[in-house]
Engineer: 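Here you go, one structure.
What you are looking at is a predicted structure, and each value in this text was computed from that prediction instead of being measured. Only this structure's heavy atoms are used, side chains among them; waters, hydrogens and symmetry mates stay out.
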Amino acid sequence: SGNIRRGRQMHAKVGTLKGPCYRLYGYEKDADGKFHVIPEQAEIVRELYKRYESGASLRNLQDWLEENQIKTVLGESKWTTTSIKGILTNEKYCGDVLLQKTFSTDVISKKVVKNTGQLPKYLIQNHHEGIVTREQFQAVQAELARRSALRSDSKQAVTGRSCYTSKYALSDRLVCGECG
């Protein structure tokens, strides 16, 4: 397993490691392992980016997808905000591939952990045809960061943010003058 891990790292370093495409909305892989755009799904992805950039929330996007009866990558009619956020944050949609975002800590337990600097990450730019432009992808990332920064701190939440902040307009923004 150590040899396989080192082999993958060597392939990632030189850019020959094939990126995963499992459950990636808008793309499919051919027999050679190359990404190909699915035109119908690509239009949906472009519309999601455009709507989010113009101010729609993840919940608004979820409602729009379900109202128009657009199926998920697994053929389901029910969308989640997590899957929509995954589409908006995945660098593969602008044609890049980031390798080693996660890694396995132990071959016995097969526990997969998010890579937060333990191992080097490898970015391969222009790996395949992008559905959205790099500028549009960066604009959506900036908008995600801006909206995340708008959330106010909450002393009860472990993360410092309230889970209801984005759900209601005045959550964590109005405070009682008498009792706090």
Side-chain angles (χ1 to χ4, degrees), residues 19-29 35-104 110-117 121 123 127-175:
C21 184
Y22 180 67
R23 294 184 182 179
L24 190 61
Y25 192 81
Y27 285 107
E28 62 186 357
K29 270 190 173 181
F35 288 51
H36 290 286
V37 175
I38 302 170
E40 303 83 32
Q41 292 181 358
E43 285 303 314
I44 302 301
V45 171
R46 286 186 196 103
E47 187 64 26
L48 287 174
Y49 272 80
K50 188 174 86 175
R51 285 175 180 260
Y52 189 82
E53 200 175 355
S54 64
S57 68
L58 294 174
R59 180 70 183 178
N60 294 141
L61 295 175
Q62 178 184 5
D63 293 341
W64 175 76
L65 289 166
E66 290 174 358
E67 284 171 9
N68 291 310
Q69 299 173 349
I70 297 168
K71 303 285 185 190
T72 66
V73 72
L74 298 176
E76 303 283 326
S77 57
K78 184 87 173 128
W79 283 83
T80 63
T81 55
T82 307
S83 62
I84 296 167
K85 189 173 182 178
I87 291 173
L88 295 175
T89 58
N90 197 333
E91 78 287 340
K92 289 181 184 76
Y93 290 102
C94 69
D96 299 341
V97 175
L98 183 61
L99 301 172
Q100 285 194 174
K101 287 192 257 187
T102 60
F103 66 96
S104 179
K110 298 181 183 172
K111 183 178 178 186
V112 177
V113 178
K114 186 176 179 181
N115 185 1
T116 57
K121 293 181 184 179
L123 178 66
H127 177 266
H128 56 276
E129 178 187 355
I131 292 177
V132 297
T133 64
R134 188 167 280 111
E135 293 77 26
Q136 191 175 16
F137 178 77
Q138 294 298 335
V140 167
Q141 301 318 299
E143 181 64 18
L144 280 163
R146 186 190 71 79
R147 291 184 193 185
S148 179
L150 287 176
R151 295 185 189 147
S152 61
D153 292 343
S154 173
K155 292 176 180 59
Q156 294 99 348
V158 176
T159 61
R161 295 194 175 124
S162 170
C163 61
Y164 299 108
T165 304
S166 63
K167 191 171 183 180
Y168 301 108
L170 300 176
S171 294
D172 285 346
R173 289 176 173 83
L174 287 181
V175 180

Engineer: Identify the heavy atoms of Asn60 and Ser57 that sit nearest to each other, and give their distance.
Structural biologist: OD1-OG, 2.9 Å

Engineer: Return the set of residues passing side chain to side chain contact (heavy atoms under 4.5 Å, CB included) with Val73 (not counting sequence neighbours), or none when no residue passes.
Structural biologist: Arg23, Tyr25

Engineer: Starting at CG of Asp96, measure out to CD of Glu91 and round the result to the nearest 0.5 Å.
Structural biologist: 7.0 Å

Engineer: Hey, what's the ring geometry for Tyr93 with Tyr27, parallel, tilted or perpendicular (30° and 60° as the breaks)?
Structural biologist: tilted

Engineer: Are Lys29 and Leu24 packed together at the side-chain level, in the sense that at least one heavy-atom pair is separated by less than 4.5 angstrom?
Structural biologist: no

Engineer: For residues 64-76, which residue pairs pass the salt bridge (Lys or Arg N to Asp or Glu O under 4.0 Å) check, not counting sequence neighbours?
Structural biologist: Glu66-Lys78

Engineer: Check salt bridge (Lys or Arg N to Asp or Glu O under 4.0 Å) between Lys121 and all other residues, then give those that pass, not counting sequence neighbours.
Structural biologist: none

Engineer: Specify the closest pair of heavy atoms between Ile87 and Tyr49, including all atoms of both residues, with the distance to one decimal.
Structural biologist: O-OH, 2.8 Å

Engineer: Decide yes or no for His128 and Lys92: does some side-chain heavy atom of the first lie under 4.5 Å from some side-chain heavy atom of the second?
Structural biologist: yes

Engineer: Going by side chain to side chain contact (heavy atoms under 4.5 Å, CB included), name the residues that satisfy it together with Glu53, two or more places apart in sequence or in a different chain.
Structural biologist: Gln136, Ala139, Val140

Engineer: Give the minimum heavy-atom separation between Leu144 and Lys85, together with the two atoms involved.
Structural biologist: CD2-CE, 4.3 Å

Engineer: Identify the two heavy atoms, one from Thr89 and one from Phe137, that lie closest to each other, and give their separation to 0.1 Å.
Structural biologist: O-CZ, 3.8 Å

Engineer: Is the backbone of Ile70 close enough, under 3.5 Å, to the side chain of Asn68 for a donor and an acceptor to pair up by distance?
Structural biologist: no

Engineer: Looking only at heavy atoms, which two atoms of Leu65 and Ile84 are closest? And how far apart?
Structural biologist: CD1-CD1, 3.8 Å

Engineer: For Glu47, which residues count as a salt bridge (Lys or Arg N to Asp or Glu O under 4.0 Å) partner, sequence neighbours excluded?
Structural biologist: Lys50, Arg51

Engineer: Between atom CG of Leu48 and atom CD of Glu43, what is the distance when rounded to the nearest 0.5 Å?
Structural biologist: 11.5 Å

Engineer: Please name all residues satisfying side-chain hydrogen bond (donor to acceptor under 3.5 Å, both in side chains) with Asp63, sequence neighbours left out, ordered by chain then number.
Structural biologist: none

Engineer: Between Ile131 and Gly26, which heavy-atom pair has the shortest distance, and what is it?
Structural biologist: CD1-O, 3.8 Å

Engineer: With distance as the sole test, does Gln141 use its side chain to make a donor-acceptor pair with the main-chain N or O of Leu88 at under 3.5 Å?
Structural biologist: yes

